2 protein chains.
Amino acid sequence: MDAPRLTTILDLVRWIGWAQRKAGEDWIRSREITMEQGFALGYLVQNPGAIQRDLAEITRTSPASVSSLLQGLERRGLVERRADSADVRSKRAYATPTGAELIAGFEAAMTAVDDTILAPLDQTERATLHALLTKVTAELPQPTR
Amino acid sequence: MDAPRLTTILDLVRWIGWAQRKAGEDWIRSREITMEQGFALGYLVQNPGAIQRDLAEITRTSPASVSSLLQGLERRGLVERRADSADVRSKRAYATPTGAELIAGFEAAMTAVDDTILAPLDQTERATLHALLTKVTAELPQPTR
DNA sequence: CTCTAATGGTTAGAGCTCTAACTGTCAAAG
DNA sequence: CTTTGACAGTTAGAGCTCTAACCATTAGAG
């Protein structure tokens, strides 16, 4: 039958992604940073000395983008970059104490956001959803992390 | 037992949304326009005379954003705007023949993209996924269309 | 050892998004 | 009929993203 669907699966997917972003922004707004900066900072706290290329990969973005993002964070003293002694091309990035302090709780807040969004689903449904989405992403390019 | 999940549901959701965007960009790049312009143009072909506020709503964006987006399209002669005769505040937007011609096939291409992404799932699984996502979005703010 | 290709980053330029402040128009109350 | 508030849209300023062009450094081939 396949009646024309008013809201496709991909519409719903984009919508949910958008909602997560918006919810996250509400938490982060007080810190005077952006979601992207929050993700980067959080990642650097978990992975001190990460190289820019890695950051570009896990955020599914470009090296150019990471470059300007980190420049902004560095300008504000939230991040530090030092060239790798073994390979000067690579720049290792670290969250400064200020940066780490600023982002403390971000991870937790995002987890809370996720939980709020998924609240309508019970554990079984979440497992099903996770399985289905994994099946889809398995055939996609680019790893998530 | 709730072992720490390496890739959360929301991670997967964002990933899929990103993949859709990228795939769409591949199609659209030859037209020298952006995804956003493509969506707007496509919407205006389907809904001639739409008002900017509506466009902002369905794209889950701001009036300011629509304003500049349409300015770009208008500058290139792909869109026309005329004030509503009954309410001069409102500006009704129309895709020009050139604009409509440019975007012809976009909708179909996007549907094809969606189908490719969802290829790993059979009809039953898609139905389940759609149901689960709908359950989630039912509790979210902002309608999709 | 040298030449070439790959690799990590950066810059420039353009588009999108947001917030905040502002214009002009319409509508409703008094 | 005026005043006040809601509403549609715009502009300015800043951040993010992308592509394309470009540096510097490193690795590999010969």
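Here the structure is a predicted model, which means the values were calculated and not measured. In what follows, chains are A, B, ... by sequence order, proteins preceding strands, each numbered from 1.
Nucleotide dT25(C) holds its P atom 18 Å from the CZ atom of R53(B), rounded to whole Å.
Counting 5' to 3', DNA chain D first comes under 4.0 angstrom of a heavy atom of chain A and last does so at the ends given by dG15(D) to dT26(D).
Contact annotation: R81(A) side-chain N/O to dT10(C) OP1/OP2 distance is under 4.0 Å.
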Checklist entry - Yes or no on side chain to side chain contact (heavy atoms under 4.5 Å, CB included) for R81(A) and L70(A), after CA distance, side-chain angles and deciding distance? => result CA-CA 9 Å; R81(A) 288 183 291 173; L70(A) 290 187; 4.0 Å; yes
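Under the 4.5 Å side-chain heavy-atom criterion for grouping Ile, Leu, Val, Met, Phe, Trp and Tyr, F106(B) is connected to V45(B) within one hydrophobic cluster. No chain of hydrophobic side-chain contacts below 4.5 Å, direct or via other Ile, Leu, Val, Met, Phe, Trp or Tyr residues, connects L69(B) to L55(B).
Residue E25(A) is classed as having no contact, given no heavy-atom separation below 4.0 Å to the nucleic acid. Among the atoms of the strands shown, base atoms are found under 4.0 Å from some heavy atom of S62(A).
When atom types are taken as modelled, the side chain of Q46(A) and the backbone of Y43(A) share no donor-acceptor pair closer than 3.5 angstrom.
Listed by residue number, P63(A), A64(A), S67(A), Q71(A) are the residues of residues 63-72 of chain A with a heavy-atom contact under 4.0 Å to DNA chain C.
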Show each protein N/O and nucleotides 26-29 of chain C N/O combination with a separation under 3.5 Å, one pair to a line.
unit_1: dC26(C); atom_1: OP1; unit_2: V88(B); atom_2: N; d: 3.2

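Taking all atoms of both residues into account, the shortest heavy-atom contact from Q20(B) to M35(B) is O-CE, 4.3 Å. Residues L44(A) and A93(A) approach most closely at CD2-O, 3.8 Å, considering heavy atoms.
Between I51(A) atom CD1 and E57(A) atom CD the span is 11.0 Å, to the nearest 0.5 Å. The OG1 atom of T34(B) sits 8.5 Å away from atom CD of E25(B), with the distance rounded to the nearest 0.5 Å.
Taking a cutoff of 4.0 Å between a charged side-chain nitrogen and a carboxylate oxygen, D87(A) and R92(A) do not qualify as a salt bridge.
Heavy atoms of other residues, nucleotides or ligands lying less than 6.0 angstrom from CD of E101(B) number 12 at most.
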